[in-house]
Amino acid sequence: MRRDKLDKLRAVGRDPFRTNWDQTHTSKQAFAQFEAEEAAFFDANPTVKAELAVYEAAAEKFNAAKMERRAKIQAGEITQQDPFELPEVPEKPEVPMGAEVSVAGRVVMFNVMGKASFLKLLDRDGIIQIYVTRDDLPEGDYNAFFKKMIDLGDIIGAKGKVFRTSTGEITVHITDYAIVSKSMRPLPEKFHGMKDPEQIYRQRYLDLISNEESRNRFRLRSEIIKEIRRYLWDRDFNEVETPCLHNVAGGAAARPFVTHMNALDCDFYLRIALELHLKRMLVGGVDRVFELGRVFRNEGLSRRHNPEFTMLEVYQAYTDHRGMMDLIKGLIHHLCENVLGTFQIPVHGKDEVIDFAAPWREAKYNDLVIEATGDADWFTRSREDKLAACEKLGIKVDPEAADFEVTNDVFEKLIEPTLIQPTFVTRIPKELCPLAKLNESGDGSLDVFELCINGQEIAPAYSEQNDPFVQREMFEAQVGEETQDLDEDFLVALEHGMPPAGGMGVGIDRLVILLTAAGNIRDTILFPTLRNKSSAE
RNA sequence: GGGUCGAUAGCUCAAUCGGUAGAGCAGUUGCCUUUUAAGCAAUUGGUUGUGGGUUCAAGUCCCACUCGACCCA
């Protein structure tokens, strides 16, 4: 269909896919410039400002009456032909037009009103309206080309002076334009936007064009990442990039993806964590180090899990998990202040608000379990008694699960979902993590915390294990459970001496879910993992 | 992996008990020089996810498959 238009455009020497357009202003920049010009004019002409206020009040009444009439027509109470009176509106006081701007963007609205038209262009900052009349364009252009050749979805450039319409919208009154890139396919429905989740993920660009909420969320994600970097750089952390292809998939308990390298004829694992390489950096003397990178876990998909996700890991020498508490609290406060402009974040789908400004709770793992089970002697009971107790509590547990796994099921199913406000869960049992230092108390708990917010784990942090002998023992205990291979190279690194350090991992996607009140990890990942679908049409 | 629900025009959605597949937006053709989901008039658009079955008759009932959503493991 639209191919015909390509030929017609080319026939008169207009390239439907131009190489450039000189965009001098984005929508936001044009608004800012005009508002400044307008303010300067009002300062010099205070009477006009007063007259304009009178006019705007009248215009508002006029528009309200018009809307009311339209609503009545829609409801069938009156018809288009019924007589009607609209309130009088005084002559609009003259405000000079602003300077000329050149804008560009995708046409997302096109109202032709006879010899004049309104269009809206979507650019990287938002949406700006342009206005054109027949007489502003070269003879014949408006009827033969402007109205005929521009479709919703085309990318156009437009040049003209800025003004404010009678309804108060800042608009560019254009005198020159060009179709910069013709769209061959129609846009999604303009009012409802794109709804089908599958299509949103597969064709995210259409979602971004038609859904402002989605656009805003991904802009926020970008700003969050920018501010995380700034926060860490300001505190003298070095950003590094370590390999994605690992010989041993270590640093976490997760099933890895396996891939094959032809040149060396050997298998590699896609990394499941950043930890072991970043600790090698500590050994190498990079005392403050972080990496923001993708990790891959070959596990299920859910509202909270995508097989590839973005992780921040931070390591700081000469501190411990307590230092990490200050760091993550400071980081989230920084994001609240510099990105969101608020410390209170609503929870998606719930009538609840997370208050980051209030003091953050700190609770020991064991205390939380005792509180949730109502059993002060929980930890001295046998595995069988615990299993029986779980049944009473309505928690499904694998009957083969080890003692600590039964308890951890209680934690994950009964406690974690209730931790909505920021909570540092400390003193986690040593079986759950082989890479942290044991607490001095000798009770088998670790000097670690798990920061839980909105019922999910956001950031685990450790006082990092730097004793190579203890580390080896703890690895060997884990390898038996087939979750991790033993990373001999890492142990050799530790044997060279690693400074005492605090380390932390932050799931960026989950953080973004939290901070943007999204309901699903897939709303925070541009192109979430989906099954291949051959009929991509 | 298990359960529940879903897939109808480019998009958002209808279609009663199994009986001629419709509407709005988008598109096309007109009218309209400050519109705001603009309006008015006309008009195009479909192998109802795929494959099979039951039936005089299937978008609708049955079976299998594909893709997805939600919940569970």
Side-chain angles (χ1 to χ4, degrees), chain A residues 1-5 55-56 59-60 62-64 66-67 69-71 73-74 79-81 89 91-92 95 97 107-121 127-137 142-143 146-154 162-174 183-203 206-207 209-212 299-305 349 394-401 405 409 412-413 417 519-523 528-537:
Chain A
M1 280 291 190
R2 289 183 176 182
R3 270 169 203 280
D4 303 345
K5 294 187 180 175
Y55 164 81
E56 274 169 3
E60 202 169 304
F62 179 88
N63 285 324
K66 221 160 92 173
M67 293 301 281
R69 176 165 177 270
R70 187 178 297 167
I73 292 171
Q74 210 124 66
T79 70
Q80 198 82 25
Q81 283 70 41
V89 179
E91 187 95 344
K92 188 183 176 190
V95 175
M97 284 200 144
V107 179
V108 291
M109 188 212 74
F110 197 165
N111 273 353
V112 178
M113 307 188 43
K115 298 181 189 66
S117 296
F118 286 93
L119 289 79
K120 284 190 179 173
L121 303 187
I127 291 174
I128 189 163
Q129 181 166 262
I130 64 174
Y131 173 69
V132 64
T133 71
R134 184 192 61 189
D135 303 332
D136 296 324
L137 295 179
Y142 179 75
N143 282 315
F146 192 89
K147 281 197 321 196
K148 291 270 162 68
M149 292 299 151
I150 296 177
D151 289 304
L152 275 180
D154 289 352
V162 188
F163 75 111
R164 210 182 263 279
T165 65
S166 62
T167 49
E169 182 163 345
I170 297 175
T171 302
V172 187
H173 190 146
I174 68 164
S183 169
M184 294 292 105
R185 291 177 187 261
L187 241 36
E189 209 252 8
K190 67 178 169 191
F191 185 60
H192 297 92
M194 189 169 261
K195 282 275 178 62
D196 178 14
E198 182 175 356
Q199 203 175 354
I200 284 175
Y201 303 143
R202 289 192 197 276
Q203 295 184 281
L206 293 178
D207 174 50
I209 291 167
S210 60
N211 293 333
E212 191 186 6
E299 291 171 354
L301 294 98
S302 81
R303 205 155 53 87
R304 295 187 175 137
H305 299 85
I395 309 168
K396 278 186 213 154
V397 183
D398 176 7
E400 301 298 309
E405 289 172 326
D409 271 334
E412 282 180 3
K413 287 169 191 167
N520 192 313
I521 196 167
R522 274 170 267 188
D523 294 335
T529 306
L530 293 175
R531 205 181 293 270
N532 181 51
K533 197 180 169 194
S534 47
S535 57
E537 279 299 295

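On a predicted model such as this, the values are computed, not experimentally measured, just so you know. Below, chains carry the letters A, B, ... as their sequence lines are ordered, and counting in each starts from 1. Keep in mind that the numbers below use all heavy atoms, side chains included, and drop hydrogens, waters and symmetry copies.
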Please report the distance separating the C1' of B:rA9 from the corresponding atom of B:rU48, rounded so that it comes out in whole Å.
10 Å

Here the distance between atom C1' of B:rU34 and atom CE of A:M109, to the nearest Å, is 11 Å

Please evaluate the base of B:rU35 for a donor-acceptor partner in the side chain of A:S117 within a cut-off of under 3.5 Å?
no

How would you label the contact of A:D207 with the nucleic acid (heavy atoms, under 4.0 Å): base, sugar-phosphate, or nothing?
nothing

When rounded to the nearest Å, what value does the distance between C1' atoms of B:rU33 and B:rA26 take?
25 Å

Tell me whether A:E299 at atom CD has more than 12 heavy atoms from other residues, nucleotides or ligands lying less than 6.0 Å away.
yes

Phosphate OP1/OP2 of B:rU28: any A:K5 side-chain N/O under 4.0 Å:
yes

Does A:K190 put a side-chain nitrogen or oxygen below 4.0 Å from OP1 or OP2 of B:rA26?
yes

What contact category does A:R522 fall into here, base, sugar-phosphate, or nothing, at under 4.0 angstrom with non-hydrogen atoms?
sugar-phosphate

Residue whose nearest RNA chain B nucleotide is more 5′ - A:G114 or A:N111:
A:G114

Expressed as a whole number of Å, how far does the P atom of B:rC11 sit from that of B:rU47?
13 Å

Would you mind pulling out the nucleotide paired to B:rU54, Watson-Crick or G-U wobble, both distances under 3.5 Å?
none

Taking the six-membered ring for Trp, are A:H173 and A:Y131 parallel (under 30°), tilted (30 to 60°) or perpendicular (over 60°)?
perpendicular

In whole angstrom, give the distance that lies between atom CG of A:D398 and atom P of B:rA73.
12 Å

With rounding to whole Å, what would you report as the distance between B:rC25 and B:rA37 at their P atoms?
14 Å

The side chain of A:F163 lies closest to which of these nucleotides: B:rA38, B:rU34, B:rU36?
B:rU34

So, are A:R164 and A:E56 salt-bridged, with charged N and O less than 4.0 Å apart?
no

Round to the nearest Å and state the distance from A:D151 atom CG to B:rA26 atom C1'.
10 Å

Does a side-chain N or O of A:N520 approach OP1 or OP2 of B:rC70 to a distance below 4.0 Å, or not?
yes

Nearest-Å distance once atom C1' is located in both B:rG46 and B:rU20:
14 Å

Interatomic distance, A:E299 CD vs B:rA73 P [rounded to whole Å]
15 Å

Could you please name the option among B:rU33, B:rA26, B:rU35 that lies closest to any side-chain atom of A:D135?
B:rU33

Suppose you measure atom C1' in B:rC56 against the same atom in B:rC61; what distance do you get, rounded to whole Å?
16 Å

Quick check on B:rC11: is either OP1 or OP2 less than 4.0 Å from any side-chain nitrogen or oxygen of A:S210?
no

Within the structure shown, what part of the strands sits under 4.0 Å from A:Q199 by heavy-atom distance: base, sugar-phosphate, or nothing?
sugar-phosphate

Rounded to whole Å, please give me the gap between CG in A:L152 and C1' in B:rG27.
10 Å

Taking OP1 and OP2 of B:rU35, is either one under 4.0 Å from a side-chain nitrogen or oxygen of A:Q129?
no

Does B:rG27 have OP1 or OP2 under 4.0 Å away from a side-chain N or O of A:R185?
no

Generate the contact string for nucleotides 2-8 of chain B. Rules: B means base contact, S means sugar-phosphate contact only, - means no protein heavy atom under 4.0 Å.
-------

Roughly how far apart, to the nearest Å, are B:rA21 and B:rA14 at atom C1'?
10 Å

Mind calculating the distance between NZ (A:K120) and C1' (B:rA38) to the nearest angstrom?
11 Å

Considering heavy-atom distances to RNA chain B, does A:E169 or A:I150 have its closest nucleotide positioned more toward the 5' end?
A:I150

Closest listed nucleotide, where the reference is the side chain of A:E189 and the choices are B:rA26, B:rC25, B:rU34:
B:rC25

Distance criterion of 3.5 Å, no angle test: do you see the side chain of A:T165 paired donor-to-acceptor with the base of B:rU35?
yes

So, is A:R531 near the phosphate of B:rU66, with a side-chain N or O under 4.0 Å from OP1 or OP2?
no

Atom CE of A:M194 to atom P of B:rG68: distance rounded to whole Å?
16 Å

At under 4.0 Å, does any side-chain N or O of A:R303 touch on OP1 or OP2 of B:rC71?
yes

Between B:rG59 and B:rG49, how far is it from one C1' atom to the other, in whole Å?
12 Å

Hey, does A:G300 reach any base, or is it just sugar-phosphate, or nothing, if we go heavy atoms under 4.0 Å?
nothing

